[in-house]
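Here is the structure we will look at.
The chain is numbered in sequence order, starting from 1.
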Amino acid sequence: MIDYETKPLTRKQIRLMANIIRTAFKIESLEFPAIKMLDTLEQLFGVNYEILPDDEFEFGVMAYFEQNDLECSIHIRESVYNAACNGSGKDIGFITHEISHFFLIKIFNFGPIYGKSIKNNKIPAYKSMEWQAKALCGELMIPYNEFKNASIEEICEKTNSSYAQAEYFINNVVKKGL
């Protein structure tokens, strides 16, 4: 995977960004409305999103964000989009991750520094565009203050997150005091 270096962010700064997004878009539900957010971003910011046949994606790529000076696009595997529409937490997560790239780059101005890409994930997490998008996705899907004392099962049930995402939240965010 290729990653890009960006300005540093802490988990707490990313959590604040998630709270700003939820407040600005009046998201009161514990479940993050990824599919609805695609339409909202298209209407408000002109973000194009495309649902493409699975065979147009490289192996292991579920969705991706693309930008140039004039426009942003989110490309989503048809099977991922359909599963997300049917409530699959992991697929909602794939889409939310790409939405997170949009917010980080275009709204919060945390784009690549010098267009520098590095293979094999050797960028410190706090300066990694991929880590930042993963963290923002997690914060959007599992609001920290509401779930810092919850069980994995409760998180999955109330947020529609995947088991793996809820487990990561408990073991790597809550227990480490991030």
Side-chain angles (χ1 to χ4, degrees), residues 1-34 37-38 40-41 44-47 49 61-69 71-76 89-150 155 159-162 164-178:
M1 169 174 59
I2 295 177
D3 196 358
Y4 292 88
E5 184 174 347
T6 189
K7 297 179 283 187
L9 276 174
T10 66
R11 170 68 73 164
K12 289 182 181 176
Q13 290 170 312
I14 291 170
R15 185 168 300 136
L16 177 61
M17 290 175 174
N19 290 336
I20 290 168
I21 292 165
R22 282 182 161 273
T23 301
F25 290 93
K26 298 180 174 124
I27 301 169
E28 295 178 8
S29 166
L30 293 174
E31 292 183 21
F32 184 74
M37 184 59 72
L38 288 170
T40 301
L41 294 180
L44 293 178
F45 301 104
V47 176
Y49 72 93
V61 175
M62 303 299 140
Y64 63 94
F65 176 80
E66 188 173 59
Q67 68 151 0
N68 61 37
D69 290 337
E71 64 181 41
C72 298
S73 300
I74 297 174
H75 307 275
I76 307 165
K90 100 178 156 178
D91 295 292
I92 293 168
F94 293 139
I95 294 169
T96 302
H97 177 90
E98 303 311 326
I99 290 169
S100 295
H101 278 298
F102 168 77
F103 280 118
L104 286 163
I105 294 168
K106 291 301 198 180
I107 303 301
F108 295 112
N109 197 28
F110 280 81
I113 296 175
Y114 313 120
K116 180 180 177 184
S117 67
I118 298 177
K119 292 184 180 182
N120 300 325
N121 214 12
K122 294 184 181 180
I123 301 170
Y126 66 97
K127 291 182 177 182
S128 161
M129 288 185 67
E130 285 304 316
W131 177 84
Q132 290 178 3
K134 180 180 177 181
L136 182 56
C137 170
E139 295 291 337
L140 287 170
M141 290 189 65
I142 306 172
Y144 181 82
N145 288 330
E146 287 83 350
F147 292 101
K148 62 186 175 190
N149 297 314
I155 293 168
T159 67
N160 202 26
S161 296
S162 68
Q165 190 176 26
E167 184 177 48
Y168 183 91
F169 172 77
I170 294 294
N171 294 330
N172 296 290
V173 177
V174 175
K175 286 184 180 175
K176 291 183 179 178
L178 299 176

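- Here C137 contributes atom SG and H97 contributes atom NE2; the two are 7.5 Å apart, rounded to the nearest 0.5 Å.
- Using a 4.5 Å heavy-atom threshold, the side chains of Y126 and L9 count as separate.
- Residues L178 and N172 are not in side-chain contact: their nearest non-hydrogen atoms beyond the backbone lie 4.5 Å or more apart.
- Distance CD1/I14 to CZ/F103: 14.0 Å, rounded to 0.5 Å.
- Between M141 and Q165, the closest side-chain pair of non-hydrogen atoms falls below 4.5 Å.
- Within 6.0 Å of NZ on K7 lie more than 12 heavy atoms contributed by other residues, nucleotides or ligands.
- Considering only residues two or more places apart in sequence or on other chains, E66 meets the side chain to side chain donor-acceptor pair (under 3.5 Å) condition with H75.
- Atom CD1 of residue I92 and atom CG of residue N160 lie 4.5 Å apart, to the nearest 0.5 angstrom.
- The closest side-chain heavy-atom distance from E130 to K134 is not below 4.5 Å.
- Contacts of T6 classified as side-chain contact (heavy atoms from CB on, under 4.5 Å), with partners at least two apart in sequence or in another chain: F110, M129, Q132.
- To the nearest 0.5 Å, atoms CZ (R11) and CG (L16) are separated by 13.5 Å.
- Qualifying side chain to side chain donor-acceptor pair (under 3.5 Å) partners for Q67, counting only residues two or more places apart in sequence or in other chains: K106.
- Taking A18 as the reference, L136, E139, L140 meet the side-chain contact (heavy atoms from CB on, under 4.5 Å) condition, with sequence neighbours excluded.
- By the side chain to side chain donor-acceptor pair (under 3.5 Å) test, Y49 pairs with D39, sequence neighbours left out.
- A distance of 4.0 Å separates CD1 of I99 from CG of L38, quoted to the nearest 0.5 Å.
- Every residue was checked against the salt bridge (Lys or Arg N to Asp or Glu O under 4.0 Å) condition with E98, not counting sequence neighbours, and none meets it.
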Stepwise side chain to side chain contact (heavy atoms under 4.5 Å, CB included) check, F65 with C72 = CA-CA 7 Å; F65 176 80; C72 298; 3.8 Å; yes
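- Just one residue in the list F108, Y64, F45 forms a ring pair (Phe, Tyr, Trp, His ring centres under 6.0 Å) with F102, and that residue is F45.
- Residue G111 comes nearest to I105 through the heavy atom pair CA-CG1, 4.0 Å, listed as atom of the first residue, atom of the second, then distance.
- In terms of the side chain to side chain donor-acceptor pair (under 3.5 Å) criterion, S100 has no residue partners (sequence neighbours excluded).
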Hey, can you pull the donor-acceptor pairs under 3.5 Å for the side chains in residues 23-33, sequence neighbours left out?
from: T23; atom 1: OG1; to: N19; atom 2: O; distance (Å): 2.9
from: S29; atom 1: OG; to: E31; atom 2: N; distance (Å): 3.0
from: S29; atom 1: OG; to: E31; atom 2: O; distance (Å): 3.2

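- In this structure a side-chain-to-backbone donor-acceptor pair under 3.5 Å is missing from S128 to P124.
- With sequence neighbours excluded, the residues that form a side-chain contact (heavy atoms from CB on, under 4.5 Å) with T10 are K12, Q13.
- Under the side-chain contact (heavy atoms from CB on, under 4.5 Å) criterion, I170 pairs with I152, I155, K175, sequence neighbours left out.
- Relative ring orientation between Y144 and F169 is described as perpendicular, the plane-to-plane angle rising above 60° on a 0-90° scale split at 30° and 60°.
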